[in-house]
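Worksheet: the structure to be examined is printed underneath.
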Amino acid sequence: MIIPGILFKSQTSFSSISNLKLNFKSFLNPKFTLQFNPISSLKVVWRKDWTLDKAIENDKRYKLCARVVKQVLKEPGQAIPLRYLDKRRKRLRLNVGVKTFINNNPGLFDTYYDRIRPKSNLVPFLRPSNRLRNFLEEEKRIYDENEELVVSKLCKLLMMSRYKVISVDKLVHVKREFGLPNDFLVNLVPKYSNYFRLTGSPGEGQSFLELVEWHPEFAKSVIEQRAEEESQLTGIRVRPNFNYKLPPGFSLRKEMREWVRDWLELDYISPYEDVSHLDQASREMEKRMVAVLHELLSLSLLKRVPVPILGKFTNDYRFSNAFSSAFTRHSGIFYMSLKGGIKTAVLREAYKGDELIDKDPLLGIKDKFVELLEEGWRERAEMLRVQREQVKKDMEMMAAKNGELSEQSCEEAEL
């Protein structure tokens, strides 16, 4: 299906239009009045995208292991009594006992015995295995190699915000989504004092990270960079705009198709542009909000972020209170997954099937962690195979022995 200026290659989401209220006078005939829907009146029906849901499902086991590891690493001495960790199963969303989890994921932790208090009984403790410690060294190396990328991400997050300042608590909360190291406030921020400044009262929930000065080299969105690259390749000026790709088997109603076409024809508004003059309810502000959401998802490691996390930045990025409806209204740009009971915004163009097209360099950390997990899983599978073979041999030996005894009994009976 082709709309002038836009190629729709298929996808899932849908809208109907009713209660036309907004008047607009035609430039061709001032006496003729056109009526358009306000953005808020566009009703969108959500549809499931199995392939993108699968991308989220593929990471389920990895994320569970990462949560448990994080819990152990933040303990004093990076060690925790096994029973204490077992009490935190609900918080960790662990649906099996800790002992079962450890057995299912060998290679993450070593078990040893120690006392919780002097003169108390010895109890099992967990601490990082040598393999896990080697991974942590590898993680540090990857962060060091990509320090400039981390600094640029942090600058961009601040530069898109209304006042170029964001609460430290919010940034700490999203560090995993954007690939910021755990110690970025302690080691990275002071090192780049020409970029960042910590203000407020650290430790009291009132500290902020502030941009020291504007950096034009970071003030270009992924969409603007893509347009520039295409212009250089073709020699033809390419206007920055969103890639609009609908899911297979899906078509838009005529009214929605026309609305999308007109909305895409609006000039692209950079997420780094000052929009203080725009009306919050205007189509232009909608275009800018979608540009910010697109850029945030582009900066994220997996090109997807839970919607509640994005919601924490509503004031910082001037999102409307109903900003999450943009993920279904603009379903050719985004997909909102409901996998696991959590709304997750996914950038469609970043995926081919359930695989990322261009991987963030910091995803090397995830790849190394998955290698560690898979090594343990292979060892467990081999151990179980050996155990099964041994049980089979034991049963065969018992059967043979029973057979010999039966023959002996028969011979004795004949005598």
Residues forming a side chain to side chain contact (heavy atoms under 4.5 Å, CB included) with Asp354, sequence neighbours excluded: Lys54, Ala55, Asn58
Show every donor-acceptor pair shorter than 3.5 Å between a side-chain atom in residues 359-370 and any protein atom, with sequence neighbours excluded, or say none if there are none.
unit_1	atom_1	unit_2	atom_2	d
Asp360	OD1	Leu362	N	2.8
Asp360	OD2	Lys153	NZ	2.7
Lys366	NZ	Asp59	OD1	2.7
Lys366	NZ	Asp59	OD2	3.4

Trace of the salt bridge (charged side-chain N to carboxylate O under 4.0 Å, His left out) decision for Glu177 with Lys312: CA-CA 13 Å; Glu177 274 69 30; Lys312 292 179 180 293; over 6 Å; no
Check [Y] with [X], please: is the shortest side-chain N to carboxylate O separation under 4.0 Å?
| X | Y | answer |
| --- | --- | --- |
| Glu138 | Arg141 | yes |
| Glu389 | Arg385 | yes |
| Asp267 | Arg239 | yes |

Tyr272 vs Glu295, side chain to side chain donor-acceptor pair (under 3.5 Å): CA-CA, chis, key distance, verdict: CA-CA 10 Å; Tyr272 302 101; Glu295 186 74 352; 2.8 Å; yes
Gly107 backbone acceptor or donor facing Ser129 side chain under 3.5 Å: yes
Lys48 backbone acceptor or donor facing Asp53 side chain under 3.5 Å: no
Close side-chain approach of Leu299 and Met160, heavy atoms under 4.5 Å: yes
Trp263 vs His330 side-chain heavy atoms within contact, under 4.5 Å: yes
Aromatic Trp377 / basic Arg61 pairing, under 6.0 angstrom, 45° off normal: yes
Asp49 side, atom CG; Tyr335 side, atom OH - distance, nearest 0.5 Å: 5.5 Å
